[in-house]
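In listed order, ligands and their atoms are each counted from 1.
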Amino acid sequence: MGSPIRVLVWNECRHEKVHEAVREVYPDGIHAAIAGHLGKQQGMDVRTATLDDPEHGLAEEVLSSTDVLIWWGHMAHNEVSDEVAGRAHTRVLEGMGLIALHSSQDSKILKRVLGTTCCVHWREAGEKERLWNIEPGHPITEGIGDYFELPHVEMYGERFDVPDPDKLIFISWFEGGEVFRSGCVWERGHGRVFYFRPGHETFPIYYDQNVMRVLANATRWAAPRIWKKQESPHVEPIEPLPQR
Ligand code: ZN
């Protein structure tokens with residue numbers, strides 16, 4: 001067993017401060033619910049950070065000791081400084097895993113990493129969602145059946161403006177008729193990126209067993225295999241070149 005995966009669960013943590021209904025579901029914040037579950041997994045060393053921490057809790061020394069960054073944001077994406085988003089982006093290119101949850105499709109970090117608007121259709125009606133596992137052999141879906149359901153969710157519908165994923169892991173169907181690419185993976189530089197749709201601040205989705213299993217699986221999958229700065233060095237030839 002190698003060294004533990006250093007996980008940082010980042011939460012905007014604004015809804016929790018202003019909406020009583022959100023505090024009822026996540027009394028200590030969404031980050032605490034996610035970190036509480038991941039902290040019980042073997043081989044994970046889990047910390048949390050929030051938007052209102054100095055440097056949003058993402059100072060250079062914090063990011064440089066993070067293997068997998070899990071991101072939840074919704075109402076304050078624009079308050080994340082460009083400097084911090086750029087720092088996290090660089091770290092992804094060097095090898096850090098990034099897991100963007102639910103409304104984090106609109107976060108600065110995911111949009112920088114993917115290079116598209118990541119916009120979606122949406123509706124908040126508390127309808128049912130069925131997530132189809134279309135990659136049963138992928139490490140992210142280990143222990144997940146053919147599908148699982150969430151009884152009350154906010155709907156996200158296509159078109160989801162993202163680059164074609166390297167692999168599509170989940171497709172969602174919603175009671176209202178839409179479908180959505182709910183689990184997508186990409187590689188950027190040396191980093192692995194997973195977008196996972198389930199979430200929302202007023203539904204207890206980060207207590208759901210399947211959702212949390214996927215998150216734990218994805219954290220293991222996204223852990224770096226290599227750390228390497230992205231640079232363009234001048235190099236000497238391996239074989240001697242003929243004099244010209
Ligand atoms: Zn939502």
Side-chain angles (χ1 to χ4, degrees), residues 9-38 48-52 56 69-80 85 98-114 116-132 147-162 165 169-184 193-215 218:
V9 182
W10 190 91
N11 179 15
E12 175 186 284
C13 202
R14 285 289 173 79
H15 287 289
E16 291 94 326
K17 289 180 181 166
V18 293
H19 298 130
E20 180 59 34
V22 177
R23 269 198 301 278
E24 279 174 21
V25 183
Y26 297 107
D28 300 315
I30 285 173
H31 55 297
I34 295 172
H37 180 82
L38 294 182
T48 62
T50 65
L51 178 65
D52 291 333
H56 314 322
L69 176 62
I70 298 178
W71 194 276
W72 198 97
H74 184 212
M75 63 188 284
H77 295 308
N78 287 335
E79 291 182 46
V80 174
L98 174 67
I99 299 175
L101 299 174
H102 187 59
S103 43
S104 306
Q105 43 66 238
D106 199 27
S107 63
K108 279 189 184 176
I109 176 65
L110 189 69
K111 289 193 289 191
R112 273 174 188 250
V113 162
L114 297 182
T116 53
T117 68
C118 302
C119 59
V120 300
H121 295 186
W122 64 279
R123 170 175 64 238
E124 200 174 334
E127 65 207 88
K128 182 163 91 173
E129 174 178 10
R130 182 175 298 136
L131 291 100
W132 287 95
Y147 65 86
F148 68 94
E149 293 181 346
L150 297 168
H152 304 291
V153 305
E154 177 187 26
M155 185 284 297
Y156 280 7
E158 297 282 349
R159 185 173 185 264
F160 182 21
D161 183 35
V162 287
I169 308 287
F170 291 106
I171 294 178
S172 284
W173 165 89
F174 296 89
E175 213 172 342
E178 286 85 355
V179 295
F180 191 76
R181 289 170 287 170
S182 277
C184 302
V193 180
F194 179 48
Y195 172 76
F196 190 41
R197 197 208 85 84
H200 198 61
E201 62 279 5
T202 56
F203 298 120
I205 287 169
Y206 296 125
Y207 301 111
D208 179 88
Q209 282 196 349
N210 286 303
V211 169
M212 298 318 288
R213 180 182 278 261
V214 169
L215 265 182

Within-2.8 Å protein N/O/S contacts of the Zn ion (ligand 1): His102 NE2, Glu154 OE1, His200 ND1

Residue pairs fulfilling salt bridge (Lys or Arg N to Asp or Glu O under 4.0 Å) with at least one residue in residues 193-215, sequence neighbours excluded: Glu129-Arg197

Option among His200, His102, His121 that satisfies the ring-ring contact (aromatic ring centres under 6.0 Å, His included) test with Tyr156: His102

Phe160-Phe180 aromatic ring centre distance below 6.0 Å: yes

With sequence neighbours excluded, residues passing salt bridge (Lys or Arg N to Asp or Glu O under 4.0 Å) with Glu127: Arg123

Any side-chain donor near an acceptor of the partner, Thr117 and Asp161, under 3.5 Å: yes

Counterpart residues, salt bridge (Lys or Arg N to Asp or Glu O under 4.0 Å), relative to Glu124 (two or more places apart): none

